[in-house]
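Structure record follows, encoded as structure tokens.
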Amino acid sequence: GSNSQASNLANIASGFGLSLPIDGSSSVMSENIYPTLIKSENLLENLLFKSFTDYHYNSEKKLIDMLITVDVESDFEKKKNALKILQEDRIKVSKDPKTGVIILTVLSNHGLLSRDICLAILEELDILQQNINTRNAKEKRIFIKDRITEVELNLYDIEKDLIDFYNSHKLYQSSPM
């Protein structure tokens, strides 16, 4: 249902360190979650350190090195500047108002690089979804295992009480009265 969908979306967001409110209006949240995730620092930071083909030089480079070509004071500053470039200038996320389809646009100096970055973003979202599915399945398995143990203990106690009850009434029924 929609609450389950809202919960799954909130789980996706939490995987990127984001907190989303869960209420009955999951349709509003689902429309807004992907732009938030795509522009999140965690996802973009993963992209910065992936290698992509620099089609102008026909070589592989990390995205951060393609975005920041001048020396900066520190690696932290370089990463911060590259994230800002991606978030503000290079990655655009919108929604078609008629269909609700999320539109991801990546601007770069080469069309194939834009495509590669889009695919990498989709891969990151897919990996996150797989991790969430695995975590949810593991949590369910642990819950079921704990519940089985609890039910077995309760069943043992009830069987013991039933045997005691049966034995006490058996003795009473066999008396001469």
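Remember, it's a predicted structure, so these values are computed and weren't measured experimentally. Quick note: residue numbers are just sequence positions, from 1.
Contact between Val106 and Ser114 at its shortest, heavy atoms only, is O-OG, 2.9 Å. The two residues Ala120 and Leu47 come nearest to each other via the heavy atoms CB-CD2, 3.5 Å. Residues Lys61 and Met66 share a closest heavy-atom pair of O-CE, 3.4 Å. In terms of heavy-atom proximity, Glu88 sits nearest to Lys92 at O-NZ, 2.9 Å.
Listed by first then second residue, pairs satisfying salt bridge (charged side-chain N to carboxylate O under 4.0 Å, His left out) with a partner in residues 98-116 number zero, not counting sequence neighbours.
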For Phe52 and Lys62: C-alpha separation, side-chain torsions, deciding distance, then whether side chain to side chain contact (heavy atoms under 4.5 Å, CB included) applies. CA-CA 6 Å; Phe52 292 92; Lys62 289 182 182 175; over 6 Å; no

Show your reasoning for whether side chain to side chain contact (heavy atoms under 4.5 Å, CB included) applies to Ile103 and Thr105. CA-CA 6 Å; Ile103 300 166; Thr105 305; 4.0 Å; yes

Leu44 and Gln87: CA distance, side-chain angles, deciding distance, side chain to side chain contact (heavy atoms under 4.5 Å, CB included) verdict: CA-CA 8 Å; Leu44 294 179; Gln87 290 171 327; 3.3 Å; yes

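One hydrophobic cluster holds both Phe49 and Ile85 under the rule that ILVMFWY side chains link at heavy-atom gaps under 4.5 Å. Hydrophobic clustering (side-chain heavy atoms under 4.5 Å, transitive across Ile, Leu, Val, Met, Phe, Trp, Tyr) keeps Ile163 apart from Ile158. Note on Leu107: it does not cluster hydrophobically with Ile102, by side-chain heavy-atom contacts below 4.5 Å among ILVMFWY residues. Linking ILVMFWY residues whenever their side-chain heavy atoms come closer than 4.5 Å, directly or via other members, leaves Ile127 and Ile117 in distinct clusters.
Ile64 contributes atom CD1, which lies 12.0 Å from atom OG1 of Thr69 (distance to the nearest 0.5 angstrom). Distance CG/Leu125 to CG/Leu37: 6.5 Å, rounded to 0.5 Å. The CG atom of Asn46 lies 11.5 Å from the CG atom of Leu63; values are rounded to the nearest 0.5 Å. Note that NZ of Lys39 is 12.5 Å distant from CZ of Arg90, once rounded to the nearest 0.5 Å. A distance of 13.0 Å separates OG in Ser108 from CG in Asp89, rounded to the nearest 0.5 Å. Rounding to the nearest 0.5 Å gives a distance of 11.5 Å between CG of Asn81 and NZ of Lys79.
Proximity of Ile121 to Ile91: side-chain heavy atoms (C-beta onward) are separated by under 4.5 Å at one or more points. The shortest side-chain heavy-atom distance between Leu67 and Leu48 falls under the 4.5 Å cut-off. For the pair Leu128 and Glu124, the minimum side-chain heavy-atom distance is 4.5 Å or more.
Between His110 and Tyr55, the angle of the ring planes stays under 30°, which puts this pair in the parallel group of the 30/60° scheme.
The side-chain hydrogen bond (donor to acceptor under 3.5 Å, both in side chains) search around Gln130 returns Asp126, not counting sequence neighbours. Under the side-chain hydrogen bond (donor to acceptor under 3.5 Å, both in side chains) criterion, Glu60 pairs with Thr53, not counting sequence neighbours. Not counting sequence neighbours, the partners of Asp65 by the side-chain hydrogen bond (donor to acceptor under 3.5 Å, both in side chains) test are Lys78. Arg147 meets the side-chain hydrogen bond (donor to acceptor under 3.5 Å, both in side chains) test with Glu150; sequence neighbours excluded. When the salt bridge (charged side-chain N to carboxylate O under 4.0 Å, His left out) test is applied to Lys84, no partner is found at least two apart in sequence or on another chain.
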